[in-house]
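Bear in mind the structure is a predicted one, so any value in this text is a computation, not a measurement.
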Amino acid sequence: MNPAAHRLPLPLSVLLMSPLVAAAEEPAPTALPVVQVQAARVPGIDPFALPASLDTVWIDASRPGAGVQLSEALAGVPGLLARDRQNFAQDTQLSIRGFGARSTFGVRGVRVLIDGVPATMPDGQGQLSHASLLGAERIDVLRGPFSALYGNSSGGVLQVWSAQGHAGDPWRLRVNAGADNTLSVGVQLKGAGRGLDYNIAANHFRTDGWRDHSRARRESLNARIGGELGGGRLELLLNALDAPDAQDPLGLTRAQVAADPRQATAVAHQYNTRKSVRQQQAGLRWTRETDTQRWQLMGYAGQRAVTQYLPIPPTAQANPLHAGGVIDLEGGYGGLDARWGWHGELGGRPLDVVAGLSADRQRQHRTGYENFIGSTLGVRGRLRRDQIDTVQNVDQFAQAWWQWSPRWSLLAGVRHSAVRFASDDRYIVGANPDDSGRRRYQATTPVAGISFEASPQWRLHAAVGRGFETPTFNELGYRADGRAGLALDLAAARSRSLEVGSKWHAQDGTQLDVSLFRADTDNELAVASNIGGRSTYRNIGRTRRQGVELQYRQPLVEQLELQLAWTWLQAQVRAPYLTSNTWVAAGSRLPGVPRQQAFARLQWTPADWQWALEATASSDTVVNDVATERAPGFALLHLEGGRRWTLPGGELRAFARLENVLDQAYIGSVIVNDGNGRYYEPGPGRRASVGLQWSWR
């Protein structure tokens, strides 16, 4: 192997030493208000003092864009990859430090929560489609060992938080229109009065899609309503999503991309591939705080229905074990979370303790049908699968933060997780046997980290921990060997993580964060086959993810700021394995993970104007285990502009965004190990969007 391939392209020694020089030149900063950080489960502790890589993305109401996908706001977070697939039948591809990159739909390997309510089910399968940027205040992204404190499938954690309403907050109406007949209309009502505060956001979105056969429509509603009750605070959290018949253009081969990147695969038209999602959920959260203690109780429940039409040919469904070409899922989910926190002293030094219990359950009725009737394709035919799938977890966790000296602090925690799968088969016909089964996974995941205050502006930290990831029910659904029954022989992946880092936050707003990390995984879960929308999985042995993250912010002159982010990630197989009669050698790259990512944003905000120049870049991405094909790297340039007018009745904003200014051809996302060789989902060429926002009180 070429040693140059592993050489770091940036002089990290210079970056790590720069805080030493600056600390000697700058005066000590004034004390800032402490931010309550839910992501580390230690409320009231400044995130700067925590031995973890935690970024908060504040949602700017004046920033242009449709505001319907989280990927619009996440480009500047190092270590995180959020790919817009130009396909609303599939969720945003989300991975953190390479965890979750194998996912062909939905989110796996990354824990997602929205206002504290899990958007990841107990089996580790997550969704982003019901998250709204319109009502959001911020997005917290936690990377590294402490992610394991969220339990199963926590290679990283992403939390979306809605803003709490306050008296005098403006209401706003927002309209955004762009290429491909794209329209987004949203309204947000936020405020407080008569003992209640509220934040209600509703949005309508539609598009014809950049590619053929990619039309979509979404209606969403998110609400956070709170007030005082029983000496504490009670909040009602509501969410609804309706996304009917979103067309799926499927992936393309390399030759198809070269011929016409906007085309849809022929079978997408032939079978009218599409997906419908309906979801409604509600949550209640009660919090009570005293000078030394904090109690929180949270319960939630919801219903979700998914219907998807796949391009599986009738010849494949002639196999009596086949589950058909139409997937129909419907069921409920819910859970409880209770936690207690205490703030005091140990040895005369500050000590914060958090302990709790969480339990979640999902019951899903899964049916499968043929996708043809006679010679008519793309319609619901005969029943081929009928089962009740239940997955539940009961977890206990505890965590303590102790500042044992003026400059040193310790954060340590442990979580025990038990996840139970049960499937009851109701379709036992002819040669199709009873596929019922049970499986239980459990793990104890300890984590610990220390932080050292080198100066008021500079912190150093180190952390270690363990994590685990069970297969999801979708991954258990089919055996890789083609035989009947669920893939209950799949083992849970176990990981060991290490991180060291430096954080430098100066008084003038300059920020430099650097993290070096490594995660070794045993029994890595990987795609075994992916044909016609039907994926199978297997354990491939040992893997390693290691790399460097860099984030830099610099106010240049008044109202001008530069933001940079860079990730170098080496994701490799450490033990050889056999796939399709071909050996994958140790040292091979994991598919779906680019080696490098970069982001830059220069923003200028003079008076009532706002201008921004933004660049994103990615190195090439291997698309299959044997690395016979890869998506080439790319670099894109974007422009933004906006203007604000203060009028007697409120405030009017106009904004515009021009994406891919240089009209570069590139692959926006990939479908790992696609059995038909359709690995590629092209990104769009140059396109513009414009919008208006009216705010009034």
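Residues D140 and L54 have side chains in contact (heavy-atom distance under 4.5 Å, counting atoms from C-beta outward). The side-chain heavy atoms of L149 and V414, taken from C-beta on, include no pair separated by under 4.5 Å. Side-chain atoms of Q159 and I139, non-hydrogen and from C-beta on, never get closer than 4.5 Å to each other. Between L284 and Y300, the closest side-chain pair of non-hydrogen atoms is not below 4.5 Å. Looking at heavy atoms from C-beta onward, E499 lies in side-chain contact with S53 at the 4.5 angstrom threshold. In this structure the side chain of L512 reaches within 4.5 angstrom of the side chain of L550, judged on heavy atoms. Within the 4.5 Å cutoff, side-chain heavy atoms of H638 are placed close to those of L636. Proximity of L639 to L613: side-chain heavy atoms (C-beta onward) are separated by under 4.5 Å at one or more points.
Within the 3.5 Å criterion, the main-chain N or O of A61 finds a donor-acceptor partner in the side chain of R174. Within the 3.5 Å criterion, the main-chain N or O of G135 finds a donor-acceptor partner in the side chain of N199. Q293 contributes no side-chain N or O that, together with a main-chain N or O of E289, makes up a donor-acceptor pair within less than 3.5 Å. S132 places a side-chain N or O within donor-acceptor distance of the main-chain N or O of L134, the cut-off being under 3.5 Å. Judged by distance alone, the side chain of D180 and the main-chain N or O of T182 form no donor-acceptor pair under 3.5 Å. Judged by distance alone, with hydrogens and angles left aside, the side-chain atoms of D115 form no donor-acceptor pair with the main-chain N or O of V117 at under 3.5 Å. Counting only distance, with no hydrogens or angles, the side chain of S409 and the backbone of Q403 share no donor-acceptor pair below 3.5 Å. A donor-acceptor pair under 3.5 Å is formed between the side chain of R697 and the backbone N or O of G168. Looking only at distances, a side-chain donor or acceptor of R111 sits under 3.5 Å from a matching main-chain atom of N152. The closest donor-acceptor contact from the side chain of H166 to the backbone of Q164 lies under 3.5 Å.
Open room surrounds CZ on R215; 12 or fewer heavy atoms of other groups in view lie less than 6.0 Å from it. Counting non-hydrogen atoms of neighbouring residues, nucleotides and ligands closer than 6.0 angstrom, the CZ atom of R233 exceeds 12 such neighbours. Shown here is W286, whose CH2 atom has more than 12 heavy atoms of other residues, nucleotides or ligands within 6.0 Å. Counting non-hydrogen atoms of other residues, nucleotides and ligands closer than 6.0 Å to CH2 of W171 gives a total of 12 or fewer.
Using a cut-off of 4.0 Å between Lys/Arg side-chain N and Asp/Glu carboxylate O, R643 and E651 are scored as not salt-bridged.
For the residue pair S147/S154, the side-chain donor-acceptor check at 3.5 Å is not satisfied. When only modelled atom types and interatomic distance are considered, Y333 and Q303 share no side-chain donor-acceptor pair under 3.5 Å. Side-chain atoms of Q125 and T120 include no donor-acceptor pair closer than 3.5 Å. In this model, a donor atom of one side chain and an acceptor atom of the other lie less than 3.5 Å apart for R304 and Q127.
The ring pair (Phe, Tyr, Trp, His ring centres under 6.0 Å) contacts involving residues 63-88 comprise F88-F205, where partners must be two or more places apart or lie in separate chains.
Exactly one of D91, L241, D242 qualifies for a side chain to side chain contact (heavy atoms under 4.5 Å, CB included) with V277. That residue is L241.
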* Asked: Going through the distances and angles, do H343 and D352 end up as a side-chain hydrogen bond (donor to acceptor under 3.5 Å, both in side chains)?
  -> CA-CA 5 Å; H343 172 74; D352 285 84; 3.1 Å; yes
* **Steps toward salt bridge (Lys or Arg N to Asp or Glu O under 4.0 Å) verdict (R143, D55)** => CA-CA 9 Å; R143 310 179 299 282; D55 280 287; 2.8 Å; yes
* Please walk me through it: do F599 and L74 pass side-chain contact (heavy atoms from CB on, under 4.5 Å)? -> CA-CA 10 Å; F599 171 86; L74 295 174; over 6 Å; no
